[in-house]
Amino acid sequence: MAISKPLTLRRQRSTSRSITRSNKEISLQAEVLVDTGIYHLGDPFSYGIPDELSEKIERGSVVNVPFASKNTIGIVVSVGRVTNAGLKNIISLVHHQSIQPSLLELAEEIVKSTVCQPFDAYRYVLPIVGKKQEIPCLDAHTKRSKSIYEARLVLSDIGETSLELLLKRTLDQPEKNRLIIFPTVREVKTFAEFARDRKIEFIEYGSYLSLAERKRSYGQISSRSSSLVVGTRSVIFAPFQDIDEIIVIDEWSEHYLEQKNPYWNLREVALLRAKIEQCRIFFLSSSASLEMIDLLERGMVAHSRRPRFIGTSLKNRLYCAPNSYLDVLRRNSKKGPVLVTVAEKNYSNLFICQKCRNVARCSCGGRITMLKRDEYLCSLCSQSSRSWRCSECESSQFIMLKAGIQLVREEIGKSIPNIPVFLSTQDKEIAKIAPNPCIVITTSGMEPTVANGYSAIVLLNGEELAGRPFVRAEEELLQRWFKSIQYLAPKGEIYLSLSTQHRISQSILIGDPLRYLLKENIERSNLGLPPSRKVIKIESRGENLNSLKAKLINQFPSATAHLSRDAHSLLVISSLGDIAQCVESLRALQKVRSVQSKTLLKIAINPYHL
């Protein structure tokens with residue numbers, strides 16, 4: 001008797017669009033940058049172009065391709081005749097909208113200057129359109145025959161906001177295709193309100209918008225439905241063609257630094273796009289970064305000099321520590337609004353036990369902050385309470401080392417009664433204030449606008465901010481304060497919580513931030529610090545980087561390297577001439593680590609915090 005075999009199902013096979021075809025069946029192939037997610041597989045792969053897609057696929061097309069055992073997204077970087085046999089075919093187009101050539105070139109430049117996987121840079125220029133969204137066909141973009149590239153720094157005066165200069169230029173030359181970039185959403189919204197009041201049409205674009213809003217804005221920009229596009233840092237990748245001007249507001253802002261790989265900075269990317277588009281770029285601000293000063297010194301950016309305050313006009317209206325700021329408040333609070341800026345929110349973010357001098361800590365080990373005089377909150381476990389006792393000695397007496405906005409409000413309320421006091425912080429923002437007698441206390445960047453300016457501006461916590469263990473501490477303080485005094489009324493007074501002899505005080509006295517910045521740039525250069533040299537920060541996850549330090553110093557003798565105490569972080573300071581080769585070496589190192597299945601290092605070029 002024959003033994004019956006167990007039943008098995010025959011696998012159903014279907015014709016796949018991605019199956020390999022002979023070169024006789026296809027005539028074109030594409031080099032596709034594939035989203036592999038694997039660092040050492042970042043170079044383009046060759047794919048065949050099916051006949052039905054041959055007239056639709058071009059450089060910049062976003063396509064669906066087979067990779068390994070799955071289908072994934074890719075960007076076509078070139079199209080040519082078939083040169084390889086046995087190619088897999090492109091499956092389909094993901095978007096009907098191709099990436100414009102200038103944005104592809106911009107992504108290529110970002111790849112060259114960073115240690116990221118190539119697709120991570122190209123990801124920023126991917127079209128944001130819905131499956132059913134159709135973008136009108138436009139004429140192919142061509143570069144201008146005559147180069148008009150120009151980069152300029154424009155500094156606003158004391159009592160003159162960047163917004164006022166921006167609106168003036170926008171109204172005077174409304175016909176220009178203009179891309180305006182702001183550091184924060186708050187400033188975008190402020191500009192949008194002013195623009196609507198003046199009947200200025202614009203398109204708002206940025207990562208802070210919802211996906212539906214971004215899709216709509218992307219389509220409007222692509223179809224050129226407005227000559228003005230505004231947004232935060234990601235708007236630099238908007239599909240805006242034939243740009244006449246790029247305007248960057250407050251290029252020194254920390255908000256312009258991308259927080260994930262490839263860690264690009266808007267200043268550098270905006271300059272790259274302006275060169276690619278062959279358009280003008282203006283950096284409009286009340287101050288500047290040292291990187292901008294370095295560009296000025298090397299002739300890469302020009303300074304548009306404008307009339308500024310002379311020392312004699314401000315000398316009798318500037319008061320400094322150790323004089324009391326309360327005198328300035330009393331003298332001006334009845335004339336109109338007075339602005340007071342502080343470094344910290346809450347009541348006190350740092351206090352210690354008066355008896356044993358230990359820092360106030362929760363039972364979980366986290367530090368305790370004072371939200372109000374009788375409200376305490378753990379910064380780690382978020383446990384709140386109405387009273388506090390030292391975990392070491394049980395004492396309830398404390399000493400506050402840092403005064404927050406709530407404590408300053410309490411002190412001002414006691415010293416100057418019968419004058420309204422308002423708080424404007426990130427948690428509870430005031431956008432506008434009426435031009436009536438009052439005192440407005442804010443943290444940095446949260447200043448409300450007021451018609452005709454503030455009758456006085458008081459800038460507190462100067463020594464605290466300047467003394468932070470941070471290379472940019474004084475530079476950042478100068479930038480914050482010059483931005484705040486933009487809101488000063490024509491005859492208003494200023495109080496600085498620094499001595500008159502301090503370099504920042506002297507710069508404010510003459511109304512020129514370049515006085516401090518030029519000297520600081522020379523000192524940094526003499527010490528071999530950025531921006532005259534480039535910094536690469538390398539971080540590992542528990543791995544000792546001592547051997548890497550030795551290899552880099554051996555390969556680049558002119559560079560210096562500083563290893564952290566735990567040997568898990570390495571700072572490499574390289575000359576401008578060696579930076580490209582150093583980046584290339586680190587890119588090769590990342591590829592080797594990827595092949596060996598090791599954890600990739602975190603590598604940032606010119607990090608903000610040092």
If you round to the nearest 0.5 Å, how far is CE of Met292 from CG of Leu153? 6.0 Å
For the pair Glu251 (side chain) and Ser285 (backbone), establish whether a donor and an acceptor sit closer than 3.5 Å, ignoring hydrogens and angles. no
Between Ser289 and Glu475, a side-chain donor and acceptor under 3.5 Å: no
Examine distances only and state if a side-chain atom of Ser507 and a backbone atom of Ile504 form a donor-acceptor pair shorter than 3.5 Å. no
Tell me the closest heavy-atom pair linking Leu155 and Leu514, and the distance in Å. CD1-CG, 4.0 Å
Would you please say whether a donor-acceptor pair under 3.5 Å links the side chains of Asp578 and Ser558? yes
Tell me if a side-chain donor or acceptor on Asp294 pairs with a main-chain N or O of Leu290 at a distance below 3.5 Å. no
State the CG-CD1 distance between Leu571 and Ile538, to the nearest 0.5 angstrom. 9.0 Å
A side-chain contact here means heavy atoms from C-beta on lying under 4.5 Å apart; do Phe482 and Ile508 qualify? yes
Would you verify whether the NZ or CZ of Arg123 falls within 45 degrees of the ring axis of Phe237 while also being under 6.0 Å from that six-membered ring's centre? no
Can you measure from CZ (Arg587) to CD1 (Ile603) and round to the nearest 0.5 angstrom? 10.0 Å
Return the OG to CD1 distance between Ser227 and Ile200, rounded to the nearest 0.5 Å. 10.0 Å
Has the side chain of Glu201 got a donor or acceptor atom that lies under 3.5 Å from a matching backbone atom of Lys199? no
Cation-pi, Phe191 ring and Arg186 (6.0 angstrom, 45 degrees): no
Worked check of salt bridge (charged side-chain N to carboxylate O under 4.0 Å, His left out) between Arg59 and Glu108: CA-CA 13 Å; Arg59 172 173 159 80; Glu108 289 169 7; 3.1 Å; yes
What verdict does the side chain to side chain contact (heavy atoms under 4.5 Å, CB included) test give for Gln100 and Phe240, after you've listed the backbone C-alpha separation in whole Å, the side-chain angles of each residue and the deciding distance to 0.1 Å? CA-CA 9 Å; Gln100 68 187 58; Phe240 199 15; 5.9 Å; no
With a 4.5 Å limit on heavy-atom distance, are the side chains of Val340 and Leu460 in contact? yes
Heavy-atom closest pair, residues Val342 and Asn461: CA-OD1, 3.3 Å
Can you measure from OG1 (Thr341) to OH (Tyr495) and round to the nearest 0.5 angstrom? 11.5 Å
In this structure, are over 12 heavy atoms from other groups packed under 6.0 Å from Asn452 atom CG? no
Would Glu150 and Arg280 pass as an ion pair if we require N to O under 4.0 Å? yes
Does the distance from a Lys or Arg side-chain N to an Asp or Glu carboxylate O, for Lys275 and Glu109, drop under 4.0 Å? no
Where the side chain of Arg468 meets the backbone of Leu465, is there a donor-acceptor pair that is under 3.5 Å apart? yes
Using every non-hydrogen atom in the two residues, find where Leu459 and Ser497 come nearest and quote the distance to one decimal. O-OG, 2.8 Å
Applying side chain to side chain donor-acceptor pair (under 3.5 Å) between Tyr516 and each of Gln506, Glu474, His502, report the one that passes. Glu474
Measuring only between side-chain heavy atoms, which start at C-beta, is Ile75 closer than 4.5 Å to Leu104? yes
Show, in sequence, the C-alpha distance, side-chain angles and deciding distance for Tyr608 and Arg472, and conclude whether the side chain to side chain contact (heavy atoms under 4.5 Å, CB included) test is met. CA-CA 8 Å; Tyr608 184 84; Arg472 297 180 185 268; 3.7 Å; yes
Give the C-alpha distance, both sets of side-chain angles, the deciding distance and a yes or no for side chain to side chain contact (heavy atoms under 4.5 Å, CB included) between Glu493 and Val458. CA-CA 8 Å; Glu493 296 181 354; Val458 174; over 6 Å; no
Would you say Glu187 and Thr190 are linked by a side-chain donor-acceptor pair, where the criterion is simply a distance under 3.5 Å? no
Under a 3.5 Å distance rule, please check whether Ser286 uses its side chain to pair with a backbone N or O of Gln486 as donor and acceptor. no
Looking at side-chain heavy atoms only, is the closest gap between Thr161 and Tyr487 below 4.5 Å? yes
Minimum heavy-atom distance Phe422-Ile433, with the two atoms named: CD1-CD1, 4.0 Å
To the nearest 0.5 angstrom, please state how far the CG atom of Leu509 sits from the CD1 atom of Ile494. 9.5 Å
So does Ile430 get a backbone contact from the side chain of Ser424, meaning a donor-acceptor N/O pair under 3.5 Å? yes
Should the pair Glu193-Lys189 be classified as a salt bridge under the 4.0 Å nitrogen-to-oxygen rule? no
Say whether, by atom type as modelled, one donor and one acceptor occur between the side chain of Asn265 and the main chain of Leu257 under 3.5 angstrom. no
Would Glu447 and Ser484 count as a side chain to side chain donor-acceptor pair (under 3.5 Å) here? Give the steps. CA-CA 7 Å; Glu447 300 88 350; Ser484 294; 2.9 Å; yes
Tell me if a side-chain donor or acceptor on Ser505 pairs with a main-chain N or O of Ser499 at a distance below 3.5 Å. yes
Give a yes or no on whether a salt bridge exists between Arg503 and Glu523, defined as a side-chain N under 4.0 angstrom from a carboxylate O. yes
Side-chain contact, heavy-atom cut-off 4.5 Å: Tyr256 with Val248? yes
Under the 3.5 angstrom rule, does the side chain of Ser455 hit a backbone N or O of Pro337 as a donor-acceptor pair? yes
Worked verdict on Asp172 versus Lys168 for salt bridge (charged side-chain N to carboxylate O under 4.0 Å, His left out): CA-CA 6 Å; Asp172 289 348; Lys168 184 177 185 302; 3.1 Å; yes
Does the side chain of Ile281 come within less than 4.5 Å of Arg152's, by heavy atoms? no
Side chains of Ser210 and Glu213: any donor to acceptor distance under 3.5 Å? yes
4.5 Å side-chain heavy-atom contact, Cys320 and Leu498: no
Are Glu476 and Arg480 close enough for a salt bridge, meaning some N to O gap below 4.0 Å? yes
Pair Asp250 + Lys483, salt bridge at N-O below 4.0 Å: yes
Can you confirm whether Glu463 is buried at CD, in the sense that more than 12 heavy atoms of other residues, nucleotides or ligands lie under 6.0 Å from that atom? no
Considering all heavy atoms, the nearest Ile536-Cys582 contact: CD1-SG, 3.6 Å
Glu258 and Lys260 ion-paired at < 4.0 Å: yes
So do the side chains of Thr425 and Ile405 get within less than 4.5 Å of each other, counting heavy atoms only? yes
Thr184 and Thr232: side chain to side chain contact (heavy atoms under 4.5 Å, CB included), yes or no, with the steps? CA-CA 6 Å; Thr184 65; Thr232 51; 5.8 Å; no
Atom CD of Gln426: over 12 foreign heavy atoms under 6.0 Å: no
On a heavy-atom basis, the closest approach of Ile510 and Arg515 is CD1-CD, 3.4 Å
Charged N to carboxylate O under 4.0 angstrom, Arg178 versus Glu245? yes
